[in-house]
Amino acid sequence: MTNQTELVFENPSDVGEGPIWDAKRQLLYWVDILSSEVHIYNPSSGQNRAINVGQYVGTVVGRASGGLMLALHNGFASLDVESGEVTMLHDPEPHIPTNRFNDGKCDPAGRFWAGTMPLTENKATGSLYVMDTDHSVRNMLGGVTISNGIVWSHDNQTMYFIDTPLGTVDAFDYDLATGNIANRRSVITIPEGQGFPDGMTIDADGNLWVAQWGGFRVTQWDPNTGELLQTVHAPVPNTSACAFGGPNLDQLYITTARHNLDQATIDQYPLSGSLFVAQVDARGVEAFEFGG
């Protein structure tokens with residue numbers, strides 16, 4: 001099955017990223033990384049609010065105690081949505097100022113996972129970190145170039161992860177009680193010439209939806225077989241991430257970017273950086289919140 005996208009909010013985001021649906025409030029949070037903005041989109045009103053948080057913001061997640069959690073250029077932080085106040089909590093890489101945080105999500109136990117990447121995007125100097133609910137931080141994986149796309153299987157046995165330049169979706173054995181991961185292996189390979197895997201989400205059937213940077217698409221895969229199931233075509237080259245939203249969790253929101261596009265390409269695809277949605281033959285699951 002092939003699906004088409006519709007424009008939701010036109011915005012020239014350099015790197016629109018990290019969409020996540022707040023089922024309680026029926027809001028979509030997303031970020032424009034290099035503009036240092038957290039966006040809050042309300043589908044019922046069509047309004048989109050941008051909050052400048054003062055530094056690059058790789059991802060945003062909900063927080064059970066209220067407000068939002070962020071992975072910024074310089075570490076983990078909280079955001080008071082009403083006041084816009086940012087509180088820094090932990091910087092695990094003060095010795096690597098040329099790295100910034102990128103994508104991340106909360107796991108079923110309420111831990112906040114997020115990974116770093118070099119600003120040059122071409123060296124394996126990044127790591128994958130997890131912030132536990134007591135705000136302690138652990139380095140879970142080194143040698144990462146562009147950390148992306150973290151989700152967990154519904155049986156809590158597997159964590160899926162993307163390091164974009166590798167062109168694969170990898171799986172780890174996952175221990176819910178400790179957060180430990182082991183036994184890394186590739187379960188999906190993006191075909192050559194179809195872009196690179198970026199952000200990712202999971203549907204109610206356990207299938208993975210992967211935004212393919214440079215590929216004009218988001219794709220649905222069975223991680224057990226590596227089979228391609230559906231393709232959602234986008235009207236811009238760089239799809240960056242996706243998340244299910246809406247009252248029935250059957251609307252696939254897609255962030256996009258114009259980063260590294262030349263002016264001729266932007267002229268050809270002027271909606272690059274905007275927020276899109278697709279009605280798809282699948283439903284998502286509610287996102288986990290940070291428990292600390």
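Note that these values count all heavy atoms, side chains included, but never hydrogens, waters or copies made by symmetry.
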Donor-acceptor pair, side chain of [X] and main chain of [Y], under 3.5 angstrom:
| X | Y | result |
| --- | --- | --- |
| Gln26 | Ala23 | yes |
| Ser186 | Ile188 | no |
| Asp103 | Gly149 | yes |
| Asn248 | Asp250 | no |
| Thr256 | Ser274 | yes |

With Thr189 via side-chain hydrogen bond (donor to acceptor under 3.5 Å, both in side chains) - residues at least two apart: none
side-chain hydrogen bond (donor to acceptor under 3.5 Å, both in side chains) partners for Asp267, two or more places apart: Gln263
Under 6.0 Å between the ring centres of Phe76 and Phe101? yes
Examine the side chains of Asp163 and Asn148 and answer whether a donor and an acceptor come within less than 3.5 Å of each other.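 No, because no side-chain N or O of Asp163 sits under 3.5 Å from a partner of the opposite role on Asn148.
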Are Thr116 and Glu93 linked by a side-chain donor-acceptor pair shorter than 3.5 Å? yes
Among Thr239, Asp198, Thr219, find the residue that satisfies the side chain to side chain donor-acceptor pair (under 3.5 Å) test when tested with Gln212.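 It is Thr219, the one option of Thr239, Asp198, Thr219 that forms the side chain to side chain donor-acceptor pair (under 3.5 Å) with Gln212.
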Presence of salt bridge, [Y] and [X], under 4.0 angstrom:
| X | Y | value |
| --- | --- | --- |
| Arg185 | Asp173 | yes |
| Arg100 | Glu121 | no |
| Asp203 | Arg283 | no |

Please check if atom OH in Tyr174 has more than 12 non-hydrogen atoms from other residues, nucleotides or ligands closer than 6.0 Å. yes
Do other residues, nucleotides or ligands put more than 12 heavy atoms under 6.0 Å from Glu6 CD?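 No, the 6.0 Å shell around CD holds no more than 12 heavy atoms from other groups.
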Report the C-alpha distance between His135 and Phe290 in whole Å, list the side-chain angles of each, state the deciding distance to 0.1 Å, and finish with yes or no for ring-ring contact (aromatic ring centres under 6.0 Å, His included). CA-CA 10 Å; His135 294 187; Phe290 181 62; 5.8 Å; yes
Mind checking whether Tyr41 and Phe9 have parallel, tilted or perpendicular rings, split at 30° and 60°?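 Geometry flag for Phe9 against Tyr41: tilted rings.
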Table please: side-chain donor-acceptor pairs of residues 58-68 below 3.5 Å, with sequence neighbours left out.
| unit_1 | atom_1 | unit_2 | atom_2 | d |
| --- | --- | --- | --- | --- |
| Thr59 | OG1 | Gly104 | O | 3.2 |
| Arg63 | NE | Ser65 | OG | 3.4 |
| Arg63 | NE | Gly292 | O | 2.8 |
| Arg63 | NH2 | Gly292 | O | 3.4 |

